[in-house]
S.K.: 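Please see the structure below; I have some questions.
One-based numbering, in listed order, for ligands and for the atoms of each.
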Amino acid sequence: MCPKWYIVTLSNPYMPLPGGYMTSPRMAPTVVGMGLLELIPESTILAFQAANAASSGQVKGHANYVYNPYTQKTEIGRFGQKANTSSLLVQVATAFQQDMGITSYVQPFKSVHGQSQWGAIGDTSGFDIADSILNAVTFYVRTLAVPARRNVTDAAVQRGELLFTQMQCASCHIPTMYTGVDITFPSMSNQRIHPYTDLLVHDLGAGLADNRPDYLAGGSEWRTTPLWGIGLLEKTNGTPFYLHDGRARTLEEAILWHGGEAQNSRDQFTKLSKSERGAVISFLQSL
Ligand code: HEC
């Protein structure tokens with residue numbers, strides 16, 4: 001939850017970018033409940049996609065399918081702001097490699113600028129960290145708990161929750177689903193969870209576009225951000241920064257940036273009375 005910007009770039013950020021290279025400023029995302037998100041069955045995510053496709057509405061999310069360099073398979077994407085990573089092990093290993101230049105058994109090659117992140121160029125003589133360190137850090141991230149909700153019986157919070165559903169925010173920020181089974185994590189298996197995401201990518205319009213496609217996610221598509229824990233960002237981060245690049249400083253601003261498939265929901269929010277808008281914000285702050 002570091003309130004810093006970092007730039008994802010395929011080139012050396014200190015050199016003028018030659019034509020064709022794309023940049024996209026990103027916030028570091030909240031990392032609670034990651035193991036639970038990893039355990040949402042693929043069939044659940046695909047059922048959300050099928051429901052979108054079958055509905056006559058504006059919301060048409062779809063799954064991203066991405067390459068897993070460790071299993072060497074194409075898998076459904078779950079993590080990252082364009083759902084471009086399928087597993088926490090790869091997410092953590094790639095963060096070590098891409099963000100810190102540290103190689104491991106999952107990402108064995110040094111990241112060389114100008115090369116694809118799966119490129120086979122670089123120093124392959126031994127990994128920078130032991131397998132046990134990568135596994136322990138992944139275990140840590142996997143098991144970070146979701147904070148308990150607050151003020152759930154508050155009348156404004158309950159009114160806000162109802163409005164959230166009525167404005168169809170919940171068609172993307174899906175409140176409730178169940179995890180599957182991982183025999184190594186019985187405590188996370190078969191859990192009823194409230195992540196407020198569908199793990200699908202949605203077109204949120206030109207205003208939020210970075211025009212940098214990632215596998216099947218287009219330049220204006222983003223994965224629905226899980227909203228669990230969002231009410232504590234202000235407390236943990238001081239000034240909170242919302243949306244993929246941190247452009248929104250308040251929850252209202254974050255909602256008002258929604259366009260594309262979320263345009264209807266956004267427009268309904270602007271038509272609420274002041275006290276109703278306040279109730280929606282109180283609900284979000286209770287998550
Ligand atoms: C079509 C799907 C969709 C709908 C409908 C939708 N959202 Fe979102 N929401 C998203 C996506 C995708 C993002 C991430 C956008 C980004 O980071 O650029 C997001 C981000 C957010 C964020 C910022 C989260 C963060 O931590 O940065 C908030 C708050 C939010 N939505 C609330 C709402 C509310 C309230 C509504 C209803 C008025 C709503 N959303 C409707 C898909 C949707």
S.K.: Salt-bridge test for K60 and D203: reply yes if a basic N is under 4.0 Å from a carboxylate O, no otherwise.
M.R.: no
S.K.: Kindly say whether the aromatic ring centers of F127 and F109 come within a distance under 6.0 Å.
M.R.: no
S.K.: In the protein, which heavy atom is nearest to atom 28 (C) of ligand 1, and how far is it?
M.R.: L227 CD2, 3.8 Å
S.K.: Between H202 and E261, do the side chains contain an N or O donor and an N or O acceptor separated by less than 3.5 Å?
M.R.: yes
S.K.: Taking only heavy atoms of Y242 into account, list the atoms of ligand 1 that are under 4.0 Å away from them.
M.R.: 27 (O)
S.K.: Look only at the side chain of T179 and the backbone of Q191, and say whether a donor-acceptor pair between them is shorter than 3.5 Å.
M.R.: yes
S.K.: Below 3.5 angstrom, do we get any N/O pair linking H258 and ligand 1?
M.R.: yes
S.K.: Backbone, side chain, both or neither: what part of D245 comes under 4.0 angstrom of ligand 1, heavy atoms only?
M.R.: neither
S.K.: What's the separation between atom CG in L88 and atom CG in L37, rounded to the nearest 0.5 Å?
M.R.: 8.0 Å
S.K.: Ignoring hydrogens and angles, state whether a donor on the side chain of R150 or S286 is under 3.5 Å from an acceptor on the partner side chain.
M.R.: no
S.K.: Is a salt bridge present between R277 and E252, judged by a nitrogen-to-oxygen distance below 4.0 Å?
M.R.: no
S.K.: Provide, to 0.1 Å, the distance between atom 1 (C) of ligand 1 and the closest protein heavy atom, together with that atom's residue and name.
M.R.: C172 SG, 2.7 Å
S.K.: Tell me whether ligand 1 is touched by H202 - counting only heavy atoms on the residue side and a distance under 4.0 Å.
M.R.: yes
S.K.: For N/O/S atoms only: which one belongs to H173 and is nearest atom 8 (Fe) of ligand 1?
M.R.: NE2
S.K.: Below 4.0 angstrom from a heavy atom of E261, which ligand 1 atoms are there? Numbered from 1 as shown, please.
M.R.: 1 (C)
S.K.: Look at R247 together with D245 and state whether they make a salt bridge at an N to O cut-off of under 4.0 Å.
M.R.: yes
S.K.: Suppose I only count heavy atoms of S265 and a 4.0 Å limit; which atoms of ligand 1 are within that range?
M.R.: 5 (C), 37 (C), 38 (C)
S.K.: Please state which part of N264 comes within less than 4.0 Å of ligand 1, counting heavy atoms only: side chain, backbone, both or neither.
M.R.: neither
S.K.: Can you tell me if R223 has a non-hydrogen atom under 4.0 Å from ligand 1?
M.R.: yes
S.K.: Judged by modelled atom types alone, do D267 and Q263 share a side-chain donor-acceptor pair under 3.5 Å?
M.R.: yes
S.K.: Looking only at N/O atoms, are H244 and ligand 1 under 3.5 Å apart anywhere?
M.R.: yes
S.K.: State the atoms of ligand 1, each with its element, that fall below the 4.0 Å cut-off from a heavy-atom position in W222.
M.R.: 12 (C), 18 (O)
S.K.: Write out the residue and atom name of the closest protein heavy atom to atom 38 (C) of ligand 1, then the distance separating them to 0.1 Å.
M.R.: C169 SG, 2.7 Å
S.K.: Considering the heavy atoms of Q168, write down every atom of ligand 1 situated less than 4.0 Å from one of them.
M.R.: 5 (C)
S.K.: Testing the 3.5 Å rule here: is there a donor-acceptor pair between the side chains of S24 and R26?
M.R.: yes
S.K.: Any idea which of I230, D267, T250 brings a heavy atom closest to atom 29 (C) of ligand 1?
M.R.: I230
S.K.: Are any of the N/O atoms on F164, whether in the backbone or the side chain, positioned under 3.5 angstrom from an N/O atom of ligand 1?
M.R.: no
S.K.: Could you verify whether a donor N or O on one side chain and an acceptor N or O on the other, from S87 and Q91, lie under 3.5 Å apart?
M.R.: no
S.K.: Are the aromatic rings of F283 and F164 close, with centres under 6.0 Å apart?
M.R.: yes
S.K.: May I ask which of I255, L287, I281 has a heavy atom nearer to atom 35 (C) of ligand 1 than the others do?
M.R.: I255
S.K.: Do T224 and H173 have side-chain atoms, one donor and one acceptor, less than 3.5 Å apart?
M.R.: no
S.K.: Which protein non-hydrogen atom lies closest to atom 13 (C) of ligand 1, naming both residue and atom, and how far is it?
M.R.: T225 OG1, 3.6 Å
S.K.: Please state which part of L208 comes within less than 4.0 Å of ligand 1, counting heavy atoms only: side chain, backbone, both or neither.
M.R.: side chain
S.K.: To the nearest 0.1 Å, how far is atom 27 (O) of ligand 1 from its closest protein heavy atom, and which atom is that?
M.R.: L243 N, 2.7 Å
S.K.: Output the list of atoms in ligand 1 that are nearer than 4.0 Å to some heavy atom of L204, sorted by atom number.
M.R.: 10 (C), 11 (C), 12 (C), 13 (C), 15 (C)
